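Worth saying up front: this structure is predicted, and the values here are computed from it rather than measured. Residue indices begin at 1 and follow the sequence shown. Just so you know, these numbers use all the heavy atoms, side chains as well, and skip hydrogens, waters and symmetry mates.
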Amino acid sequence: MLPYDQARQLVIREVAALRKTTAAETRRLREALGFVLAENVIADRNYPPFDRSTRDGYAVRAADIAPGVTLPCTGELKAGDESTAVLAPGGCVSIMTGAAVPPGADSVVMIEHTQRDADRVTFDRPVQRAQNIVPRGSEARAGAILLKPGQRIGFAESALAAQVGAHSVAVHKKPRVAILSTGDELVAMEQKPGPFQIRNSNNLSLAAQVRFACGEAVELGSVPDRPDAIRAAIEKGLAVDALVLSGGVSMGKYDLVETVLRDLGAQFFFDAVAIRPGRPAVFGICRGVPVFGLPGNPVSTMVTFELFVVPALDLLSGAEPRPLPLLFARLAAPVRQKGGLTHFLPAVLDWSSDEASVRELPWQGSGDIAALGRANCFLVVPEDKPELQPGDAVLVLPRRDLL
Ligand code: AMP
Ligand code: MG
């Protein structure tokens, strides 16, 4: 059976081969968080725009300074002040962090290394030229490309674009992801389930995962396990950028999703992955749209979305697929699983000691949403090392919404 990292690579390869990204639109920078740039962001001038002092202290000529030297202080410069008067040799100017270093000065001495007596300043050590100055244009030259198409706008990118005055930007539209649950047992969460029915929770978790992955969720509700109903709903789902189904992909008599997709002309790249939970996950392309058939048990649905759907959404948004954010931690208690499958177990990652440690939570298997509500990560148990000892370095997949 296909290991999960190979399955993930297949998704990346096939979605990249579609060469489809969402159209570009212009958005105000304030409303562009999480979007992917479709244009360059360019430095509108030099950064910093002037030689900037990084300290509170005195602007000087380094050649004038030696331990015990006393110089007259001829002025004061604070951030935002015009700084055009040339510093005469043998003098110094009081300067604040962020202020422009005056012409003639070549270094700034920290205030901590000086003593002031009225208008005279005594220096207690030498200073090197250029010390405590960020030269004009050293962070970015006017005209330089600071952000490129494909970069996602996070908090730093927002600041950078704001700094250069790019208050509106061309970005890719968020990919629209249709979400469809299948199952005769499902009722909408607003309804009271009969004794043998359950509420549809996957629509909600999938919509949340789509949003965390910077997509736009299009919720199609649920359909019963009947080919005609599934087919009609899938056809609706194929009108957007990607389709994610939950349920109906196992081996049971009423697991019809794959058959219906095949009838609609889907090409499949996998229909099982060596993982637990999530083994029956299906990935295909139908009429040019990536389609994911995720198993219906809620923990399976959530794990397989993180593994397989997120990179597809990145590509559709015009970005590189982000890597799976796996971390190392020390295992707190022994773990024993079946070999041959990579397990993703609800677990708690804890940073209260020097080293991050992780502990598996008791759970009842892939239907146990309550266990996941106590977890902040998944402990990854490799297929070739199903028995792990306390102290082992293990991989952990953080819950993207919490960590
Ligand atoms: P399936 O993958 O269709 O065999 O579904 C497996 C189990 O997952 C079902 O028996 C339900 O208990 C549960 N399940 C399926 N779909 C949903 C859903 N949309 N929301 C919550 N639980 C579900
Ligand atoms: Mg089902």
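Inspection of the Y58 and R116 side chains reveals an N or O donor paired with an N or O acceptor under 3.5 Å. No donor-acceptor contact under 3.5 angstrom links the side chains of D81 and S83, judged on distance only.
Considering only residues two or more places apart in sequence or on other chains, R27 meets the side-chain hydrogen bond (donor to acceptor under 3.5 Å, both in side chains) condition with E25. For E157, the side-chain contact (heavy atoms from CB on, under 4.5 Å) partners are L147, I153, not counting sequence neighbours. Among residues two or more places apart in sequence or in another chain, the side-chain hydrogen bond (donor to acceptor under 3.5 Å, both in side chains) test is passed with K20 by none. Partners of F212 by side-chain contact (heavy atoms from CB on, under 4.5 Å), not counting sequence neighbours, listed by chain and number: R400, D401. Residues passing the salt bridge (charged side-chain N to carboxylate O under 4.0 Å, His left out) test with E14, sequence neighbours excluded: none. Annotation: salt bridge (charged side-chain N to carboxylate O under 4.0 Å, His left out) contacts of D124 (sequence neighbours excluded): none.
Residues V257 and T182 are in side-chain contact: their nearest non-hydrogen atoms beyond the backbone lie under 4.5 Å apart. Residues N40 and P149 form a side-chain contact, since some pair of their non-hydrogen atoms from C-beta on lies under 4.5 Å apart. The shortest distance between side-chain heavy atoms of L388 and K385 falls below 4.5 Å. Counting heavy atoms from C-beta on, the side chains of V303 and F378 come closer than 4.5 Å. L379 has its side chain within reach of V394: a pair of non-hydrogen atoms, C-beta onward, lies under 4.5 Å apart. Between P295 and P277 there is no side-chain heavy-atom pair separated by less than 4.5 Å. Contact check for Q115 versus F123: no side-chain heavy atoms found under the 4.5 Å cut-off. Two residues are said to be in side-chain contact when any heavy atoms from C-beta on lie closer than 4.5 Å; V36 and V171 fail this criterion.
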Solution key, residues 201-209 side-chain donor-acceptor pairs under 3.5 Å, sequence neighbours excluded:
{"from": "N202", "atom 1": "ND2", "to": "S246", "atom 2": "OG", "distance (Å)": "3.1"}
{"from": "N202", "atom 1": "ND2", "to": "G296", "atom 2": "O", "distance (Å)": "2.7"}
{"from": "N202", "atom 1": "ND2", "to": "T301", "atom 2": "OG1", "distance (Å)": "3.4"}
{"from": "N203", "atom 1": "OD1", "to": "S181", "atom 2": "OG", "distance (Å)": "2.8"}
{"from": "N203", "atom 1": "ND2", "to": "G221", "atom 2": "O", "distance (Å)": "3.3"}
{"from": "S205", "atom 1": "OG", "to": "N202", "atom 2": "O", "distance (Å)": "3.2"}
{"from": "Q209", "atom 1": "NE2", "to": "M302", "atom 2": "O", "distance (Å)": "3.0"}
{"from": "Q209", "atom 1": "NE2", "to": "E306", "atom 2": "OE2", "distance (Å)": "3.4"}

Less than 3.5 Å apart, which donor and acceptor atoms pair up between the side chains of residues 189-196 and the rest of the protein, not counting sequence neighbours?
{"from": "Q191", "atom 1": "OE1", "to": "A188", "atom 2": "N", "distance (Å)": "3.2"}

Indicate every side-chain donor-acceptor pair of residues 313-337 with a distance under 3.5 Å to a residue at least two apart or in another chain.
{"from": "D314", "atom 1": "OD1", "to": "R152", "atom 2": "NH2", "distance (Å)": "2.8"}
{"from": "D314", "atom 1": "OD1", "to": "R322", "atom 2": "NE", "distance (Å)": "3.1"}
{"from": "D314", "atom 1": "OD1", "to": "R322", "atom 2": "NH2", "distance (Å)": "2.7"}
{"from": "D314", "atom 1": "OD2", "to": "R322", "atom 2": "N", "distance (Å)": "2.7"}
{"from": "D314", "atom 1": "OD2", "to": "R322", "atom 2": "NE", "distance (Å)": "3.0"}
{"from": "S317", "atom 1": "OG", "to": "L313", "atom 2": "O", "distance (Å)": "2.4"}
{"from": "R322", "atom 1": "NH2", "to": "A213", "atom 2": "O", "distance (Å)": "3.4"}
{"from": "R330", "atom 1": "NE", "to": "E355", "atom 2": "OE1", "distance (Å)": "3.3"}
{"from": "R330", "atom 1": "NE", "to": "E355", "atom 2": "OE2", "distance (Å)": "3.1"}
{"from": "R330", "atom 1": "NH1", "to": "G391", "atom 2": "O", "distance (Å)": "2.8"}
{"from": "Q337", "atom 1": "OE1", "to": "H343", "atom 2": "ND1", "distance (Å)": "3.3"}

All N/O donor-acceptor pairs, side-chain side in residues 86-113, below 3.5 Å, sequence neighbours left out:
{"from": "T97", "atom 1": "OG1", "to": "D56", "atom 2": "N", "distance (Å)": "3.2"}
{"from": "T97", "atom 1": "OG1", "to": "D56", "atom 2": "OD1", "distance (Å)": "3.2"}
{"from": "D106", "atom 1": "OD1", "to": "A62", "atom 2": "N", "distance (Å)": "2.7"}
{"from": "D106", "atom 1": "OD2", "to": "R129", "atom 2": "NE", "distance (Å)": "3.2"}
{"from": "H113", "atom 1": "NE2", "to": "R125", "atom 2": "NH1", "distance (Å)": "3.4"}

Which donor-acceptor pairs under 3.5 Å do the side chains of residues 369-377 make with protein atoms, sequence neighbours left out?
{"from": "N376", "atom 1": "OD1", "to": "L349", "atom 2": "N", "distance (Å)": "2.8"}
{"from": "N376", "atom 1": "ND2", "to": "L349", "atom 2": "O", "distance (Å)": "3.0"}

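When each of L341, V380, T304 is checked for a side chain to side chain contact (heavy atoms under 4.5 Å, CB included) with I275, only T304 meets the rule.
Within the model, atoms CD1 of I230 and CG of D263 stand 11.0 Å from one another, a figure rounded to the nearest 0.5 Å. Taking CG of L397 as the start and OG1 of T342 as the end, the distance is 12.0 Å to the nearest 0.5 Å. Considering CD1 of I285 and CG of L261, their distance stands at 12.0 Å, rounded to 0.5 Å. In this structure, CG in N297 is found 12.0 Å from CG in L294, a value given to the nearest 0.5 Å. To the nearest 0.5 angstrom, Q267 atom CD is 15.0 Å from R287 atom CZ. Here CD of E31 is found 4.5 Å from CZ of R28. Values are rounded to the nearest 0.5 Å.
Nearest heavy-atom pair, V289 versus L238, reported as atom, atom and distance to 0.1 Å: CG2-O, 3.5 Å. Listed here is the closest heavy atom pair of G284 and F269: CA-CD1, 4.0 Å. Across all non-hydrogen atoms, the minimal contact from G367 to P298 is CA-CD, 4.0 Å. The minimum heavy-atom distance linking P311 with I12 is given by the pair CB-CG1, 3.8 Å. Here the closest heavy-atom approach between residue V169 and residue A32 is recorded as CG2-CB, 4.0 Å. Closest non-hydrogen pair, G365 versus V299, comes out as O-CG2, 4.5 Å.
Side-chain atoms of H172 come within 3.5 Å of backbone N or O of T22 as a donor-acceptor pair. Side-chain atoms of Q131 come within 3.5 Å of backbone N or O of Q128 as a donor-acceptor pair. Checking side-chain atoms of S138 against main-chain N and O of V134 turns up no donor-acceptor pair under 3.5 Å. Under a 3.5 Å cut-off, the side chain of N132 and the backbone N or O of R55 do not form any donor-acceptor pair. Put simply, the side chain of N46 gets close to the backbone of A142: a donor and an acceptor are under 3.5 Å apart. No donor-acceptor pair closer than 3.5 Å links the side chain of D119 to the backbone N or O of C73.
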L180 vs I234, test: side-chain contact (heavy atoms from CB on, under 4.5 Å). Steps then yes/no. CA-CA 8 Å; L180 175 65; I234 286 179; 4.2 Å; yes
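When the shell of 6.0 Å around NZ of K174 is examined, it contains more than 12 heavy atoms from other residues, nucleotides or ligands. For D354, the CG atom sits in a loose shell: 12 or fewer heavy atoms of surrounding residues, nucleotides or ligands are nearer than 6.0 Å. Within a 6.0 Å sphere centred on CZ of R279, heavy atoms belonging to other residues, nucleotides or ligands number 12 at most. Around atom CZ of R176, no more than 12 heavy atoms belonging to other residues, nucleotides or ligands sit under 6.0 Å away.
Classification of E139 and R52 as a salt-bridged pair holds, one side-chain N sitting under 4.0 Å from a carboxylate O. Taking 4.0 Å as the cut-off between side-chain N and carboxylate O, K173 and D241 do not count as a salt-bridged pair.
Sorted by first and then second residue, the pairs that involve residues 295-321 and meet ring pair (Phe, Tyr, Trp, His ring centres under 6.0 Å), not counting sequence neighbours, are F270-F308.
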